There are 2 protein chains.
Amino acid sequence: MGQGQLTAAPEPKYWHLRTVLVRTIDSEFSTGQVLPNERELAARFGVARATLRQALDQLELEGRLVRRRGIGTLIAAPRVGVPVSRREEGWPGTTRTQAWRAVDCVSAPASAQLALALGIPPGETVHTVRRLRLVQGQIMAAESLHVPDSAVPLLPAVPHVVGGAAESDRARSVLRQLDRLGVDGESRSVELGVAEAKEATLLERPPGTPVLVVTTQYAAAGRLVALAVSTYRADTCKLTFGETGLVEVTPVEAGAVRTAS
Amino acid sequence: MGQGQLTAAPEPKYWHLRTVLVRTIDSEFSTGQVLPNERELAARFGVARATLRQALDQLELEGRLVRRRGIGTLIAAPRVGVPVSRREEGWPGTTRTQAWRAVDCVSAPASAQLALALGIPPGETVHTVRRLRLVQGQIMAAESLHVPDSAVPLLPAVPHVVGGAAESDRARSVLRQLDRLGVDGESRSVELGVAEAKEATLLERPPGTPVLVVTTQYAAAGRLVALAVSTYRADTCKLTFGETGLVEVTPVEAGAVRTAS
DNA sequence: GAGTGGTCTAGACCACTAA
DNA sequence: TAGTGGTCTAGACCACTCC
């Protein structure tokens, strides 16, 4: 990899540096390779380490780099396409697929916010199932699935136990009941967020990690029966929304087309 | 707003600072209000300005703050829900809606990447329409819509003129032809990206602004007829994916539920 | 212990906005 | 011209990984 010589420009140094690094990465590095360390890169380009890091921050946000403390800065693998829809991901994941791993389940009175969102009276019991989505063995998303007690009347009233196998058993029990309702509609939104402490732990990422927050409303028989808030790792995920009946086409490397045009 | 006193913690200062600021913002500030300036905030919390800025960076990424050079740091308005689907946004935007504003149109041989994505021979002419999506008068997204010449054979062969009214006329002409094809399927993906120079200019944002990159494949009669790459402002947009036949429910403040639980 | 990225500091100067 | 956020520096120390 050549050495810097940042030509004077009206743009910030870190942005120009990013451009140079993008070119270098695309032409001279491949997935999994490690870049020279930050101190050396900074010296090579004649900038302060903080400035170099600003450029690397951008590239990490774009999913081009992965930085590992104690290891180095690696070229990231292309983002994994993650299908987001009931049909494709297998709902609710109990029998048809191993895509989701139930973690635990807590039953508690709904907060004002949650009650409003679910359209139930404040204080009604809500079962919250937490689960992880695995793709190719990697944790890609953490989800909190909120189900009003009134939507799953057949749920066995087992005593609530914290931790242990009973927890995830109960989670699966809720999912099973939900499955039997026959969910027939869903509405989603996607926005950018950052992982808070609990999510970050589940995702095995540091707090502040950018995530794509997918909020899904599930309906059965014309009634809202569940609300899911899923946080997908923004660095490694590309969410895909298929539509039945669409011709099968070659998956596109969006970034490539975007950069090229 | 009270003054700092950051209790000792195993977490980084900037992250704790973020937590404190979130609480403060939610309880003592409302949309449009300006925070004290960075130098004062840093002094008040007893940290360096760079550390304070790290916390503000997070809050800006979450869409809670907007920073304007020369003005100050403002509390951001809640994100705007932007429907993303052919039916809801009006396709292709020529007659049914004013949601999109055509900017220009260039016709050129397809790059290798683009040809691959469109499933056409490399070098075939592709019309690329650039347009902006407006929501409530605000520019929310910039899009490049790629249409192979072979998909719109009836397109009048007008001479290519750079700039001026003829440009956007031609853009509308392509859109009209595409409309007449009867698009009957679409497949999407959403991922995180940053605005490059051109996009940034169109979005009236600085380069590096985080965006949600939506890639859409349009099919007609079982054939891929167009590829759109849209970049939505991640700070102000919440993309919504509706489904016909779903019961109408109260829109959810996802962030609120997420934070509360 | 050596090497890596992560955090934090104290200061400087620049670009932009508004009065 | 004064005040704001944006950029950049040179250095320090910490937390983690691997040998």
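Just so we're clear, the structure is a prediction, and the values are computed from it rather than from any experiment. Residue numbering restarts at 1 for every chain, and letters A, B, ... go by the order of the sequence lines. Side chains included, hydrogens not; waters and symmetry mates left out as well; all remaining heavy atoms used.
Ranking C/dT4, C/dG6, D/dT9 by closeness to the A/Asn37 side chain, first place goes to C/dT4. When the nucleotides C/dT17, C/dA10, D/dC18 are ranked by their closest atom to the side chain of B/Ala48, C/dA10 comes out on top. The side chain of B/Gln54 sits closest to C/dT7 out of D/dC16, D/dG6, C/dT7. Across D/dT9, D/dA15, C/dA18, the shortest atom-to-atom separation from the side chain of A/Arg69 is found for D/dA15.
Look at B/Thr73 and you'll find a side-chain N or O under 4.0 angstrom from OP1 or OP2 of D/dG5. Between A/Arg49 and D/dA10, a side-chain N or O to OP1/OP2 separation shorter than 4.0 Å is absent. Considering only side-chain N and O atoms, A/Thr51 lies under 4.0 angstrom from the phosphate OP1 or OP2 of D/dT9. One finds a side-chain N or O of B/Lys13 lying less than 4.0 angstrom from the OP1 or OP2 phosphate oxygen of C/dT9. Proximity of B/Arg53 to the phosphate of D/dG6: a side-chain N or O atom is located under 4.0 Å from OP1 or OP2. Phosphate contact (OP1/OP2 of C/dC8, side-chain N/O of B/Tyr14, threshold under 4.0 Å): absent.
Residue B/Ile71 contributes atom CD1, which lies 11 Å from atom P of D/dT4 at whole-angstrom precision. With rounding to whole Å, A/Leu52 atom CG is found 14 Å from D/dA10 atom P. Atom CG of B/Leu17 and atom C1' of C/dT9 are 14 Å apart (whole Å). If you measure from atom CG of A/Leu56 to atom P of D/dC8, you get 14 Å, rounded to the nearest angstrom. Taking atom CG on B/Leu59 and atom P on D/dG5, their separation rounds to 14 Å, with Å as the unit. The interatomic distance linking B/Glu38 (CD) with D/dT4 (P) rounds to 10 Å, in whole Å. Summarising the geometry, the separation between CG on A/Leu65 and C1' on C/dG5 is reported as 13 Å, rounded to the nearest angstrom. In this structure, B/Leu74 places its CG atom 11 Å from C1' of D/dT4, rounding to the nearest Å.
Using a 4.5 Å heavy-atom cutoff, the side chains of B/Arg23 and B/Val20 are in contact. Under the 4.5 Å side-chain criterion, counting only non-hydrogen atoms from C-beta, B/Pro12 is not in contact with B/Thr51.
Nearest heavy-atom pair across B/Ala195 and B/Glu199 is CA-OE1, 3.4 Å.
Classified by interplanar angle (parallel below 30°, tilted 30° to 60°, perpendicular above 60°), the ring pair B/Trp100/B/Tyr232 is perpendicular.
Residue whose closest nucleotide on DNA chain D sits further toward the 5' end, between A/Gly70 and B/Ala50: B/Ala50.
Classification of A/Asp57 and A/Arg67 as a salt-bridged pair holds, one side-chain N sitting under 4.0 Å from a carboxylate O.
One donor-acceptor pair, N or O on each side, does fall under 3.5 Å between the base of C/dG5 and the side chain of A/Arg39.
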